[in-house]
Amino acid sequence: MEAEANPEQADHLFSLPVDADQKATEFRLFSIAPPHMLAFHLAWLSLFSNFFSTFSIPPLLAVIRDDLNLTDTDTGRAGTAAFLGSIFSRIAMGPICDLVGPRIAIATVSLITAPVILSTSLISSPHSFIALRFLTGFSLANFVANQFWMSCMFSGCVVGLANGFSAGWANMGSGVTQLVMPLIYTLIMSFNVPSFTAWRLAFIVPAVFQAVTALLVLAFGQDVPSGSYRSSKKVNIGSKSEDKESLCNVFCHGAKNYRAWILALTYGFCFGVEMTTDNIIAQYFYDRFDVNIQVAGIIAGSFGLANFFSRPSGGLVSDRMGRRFGMRGRLWGLWVTQTVAGLLCLLLGRVNSLWGSILVMCAFSVFVQAAAGLTFGVVPFVSKRSLGVVSGITGSGGTVGAVITQLLLFSGPKFSKQTGISLMGIMMIVCTLPVSLIYFPQWGGMFCGPSYGSDDRLNGPETDETNHYRLLK
């Protein structure tokens, strides 16, 4: 069936109501109705397994560090390497999705990186440890494919909600692995397996989990509502005029938009800080408060598990602020939330008690993850024509921010971890200030209204974006 089919006829073919492009206009979280909601659950579960695998090393780092004789510099460089791999792969993932569709892209990346996770059991030197962490970071490219898939399946009125839940639930993998990997390690040791063997065997679990979810995506997933991505016409995520433009023009249009780069900076110091915290938080509690590895994993796991509700709530707050105050509400919501997150991060490094640190960390996790959702509450309005490019720039900004914070603050003995955490909070506060510079002529900014009246908006610049905003409202 063509994308231009009558939506009333298309309604009879799907469990959810759809628009003229057969994209769902409702989001039913606990439904698995194919193809829309089934794609949602396959997308978040697959990305969940990628986060689980990528962050399966930090909760066992205290044991690995002793076995491989790793220095603080080695562990810091390894963390940086994991994020560098993510940057390169995320940049490439957008064109790959355009070429083969999200389903094949997700499954391919997962199946290629699963053996890398498995080979963790074979490493024997600091250099091989760093190289392996670089390669494991490639699996996080599936974030781009995840968001691309949701845009193929859900209409503009609910795609933000679908994106928020899909990314938020997937990010929980970084928290669940903090809980599960120490338990797996302890379980293996209960069979009288030596420690240096037990931690190696533990990595069979994330590798198999990632491979299984990839096969589920291949077996049960569907790229677009009408069927195969290759057999369908090019999916229109933006306006239909995009088909007439060259890829180069679309890319340049997005890359020249200063708002995209400000949002990339903002995302770098919310999601980027979140990834850095996932990387160091278990070791931080283990070293500073002298808790055992299981307790450190439980504490660190609670940080990532907050994504169950915090990132989706950020998207909901952005939508509600947008309905009530327009673009000004979305921008103020983002700035306030991320600034509060920065203050909590600053405080986290200053608290000297175990329970005080846990409470501050939990509050910090809610705000920093909500800020990520609020950032992507603004992204769809930057450019309708180059939405994919803007999303890619912003998403890559998250991993760049993680590299910067990991490299500057946690890659050697220059700063203690508590000092590094406090400095990271200051960086968050400073790097959130440029949000005040974002201005849309048709909607205004944080301090200024639109530059032309409502009667002129349909005739003003970026008319497509104006209409797009009204659609998503």
Side-chain angles (χ1 to χ4, degrees), residues 27 29 40 43-44 47-48 51 90 140 143-144 146-151 154 156-175 259-260 262-275 277-278 303-325 327-342 344-345 362-382 387 390-399 401-402 428 431-432 435 438 469 472-473:
F27 180 74
L29 184 59
F40 162 77
W44 80 257
L47 186 57
F48 177 98
F51 273 95
R90 283 191 179 197
L140 294 183
F143 171 81
V144 176
N146 173 288
Q147 302 291 276
F148 186 97
W149 203 359
M150 294 303 94
S151 296
F154 293 93
C157 56
V158 294
V159 71
L161 192 61
N163 279 339
F165 271 103
S166 185
W169 281 15
N171 284 358
M172 286 195 303
S174 61
R259 303 174 192 90
I262 291 178
L263 290 172
L265 177 65
T266 303
Y267 198 59
F269 287 89
C270 56
F271 182 66
V273 165
E274 179 188 346
M275 287 203 296
T277 305
D278 283 326
F303 180 85
L305 289 174
N307 270 296
F308 180 81
F309 65 91
S310 55
R311 181 160 181 152
S313 69
L316 289 175
V317 168
S318 182
D319 286 343
R320 291 189 177 183
M321 292 289 286
R323 290 189 185 100
R324 184 166 184 180
F325 302 107
M327 183 55 65
R328 179 176 294 182
R330 292 182 185 271
L331 295 174
W332 272 105
L334 171 58
W335 180 80
V336 170
T337 301
Q338 188 151 322
T339 299
V340 171
L344 289 168
C345 186
C362 290
F364 168 54
S365 68
V366 171
F367 277 88
V368 74
Q369 291 158 10
L374 281 152
T375 300
F376 270 85
V378 178
V379 165
F381 305 103
V382 173
L387 177 59
V390 173
S391 297
I393 290 173
T394 305
S396 296
T399 47
M428 289 180 67
C431 292
T432 307
V435 171
I438 295 178
Y469 175 69
L472 293 180
K473 271 183 83 175

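Along the sequence shown, the residues carry numbers beginning at 1. Just so it is clear, the model here is predicted, and its values are computed rather than measured.
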How many angstroms lie between atom CG of Asn146 and atom CG of Leu140, to the nearest 0.5 angstrom? 11.5 Å

What distance do Trp335 atom CH2 and Leu331 atom CG have between them, rounded to the nearest 0.5 Å? 12.5 Å

Would you compute the distance between atom CG of Leu316 and atom CE of Met321 and round it to the nearest 0.5 angstrom? 13.5 Å

Nearest-0.5 Å distance, CG of residue Leu47 to CE of residue Met172: 11.0 Å

Rounded distance (nearest 0.5 Å) linking atom CD1 of Ile262 with atom OG1 of Thr375: 12.0 Å

Are the side chain of Ser318 and the backbone of Gly315 linked by a donor-acceptor contact shorter than 3.5 Å? no

Answer yes if the ring centres of Tyr267 and Phe376 are under 6.0 angstrom apart, and no otherwise. yes

Distance-minimising heavy-atom pair for Met275 and Gly398: CE-O, 4.0 Å

If you compare all heavy atoms of Met428 against all heavy atoms of Cys345, which two are closest, and at what distance to 0.1 Å? SD-CB, 4.2 Å

If you look at every heavy atom in Thr337 and Ala370, which pair is closest and at what distance? CG2-CB, 4.1 Å

Reference residue Phe308; test ring-ring contact (aromatic ring centres under 6.0 Å, His included); the match among Trp169, Trp44, Phe303: Trp169

Any donor and acceptor pair, going by atom type alone, linking the side chain of Ser313 with main-chain N or O of Ser310 inside 3.5 Å? yes

Could you grab the distance from atom CD1 of Ile438 to atom CG of Leu263, nearest 0.5 Å is fine? 4.0 Å

Residue pair Asn307 / Pro312: nearest heavy atoms and the distance that separates them: O-CD, 3.4 Å

Under 3.5 Å: donor-acceptor pair, side chain of Thr399, backbone of Ser396: yes

Do you know which two heavy atoms are closest between Ala372 and Arg311, and how far apart they sit? CB-NH1, 3.6 Å

For the residue pair Phe40 and Phe165, is the inter-centroid distance of their aromatic rings smaller than 6.0 Å? no

Give the intermediate values and the outcome of side chain to side chain contact (heavy atoms under 4.5 Å, CB included) for residues Gln369 and Asn171. CA-CA 9 Å; Gln369 291 158 10; Asn171 284 358; over 6 Å; no

Does a sphere of radius 6.0 Å around CZ in Phe48 hold more than 12 heavy atoms from other residues, nucleotides or ligands, not counting ones at 6.0 Å or beyond? yes

Measuring only between side-chain heavy atoms, which start at C-beta, is Val273 closer than 4.5 Å to Phe364? yes

Return the minimal non-hydrogen interatomic distance between Cys270 and Gln338, and the atom names on each side. CB-OE1, 3.3 Å

Stepwise side chain to side chain contact (heavy atoms under 4.5 Å, CB included) test for Val366 and Phe309: CA-CA 8 Å; Val366 171; Phe309 65 91; 3.9 Å; yes

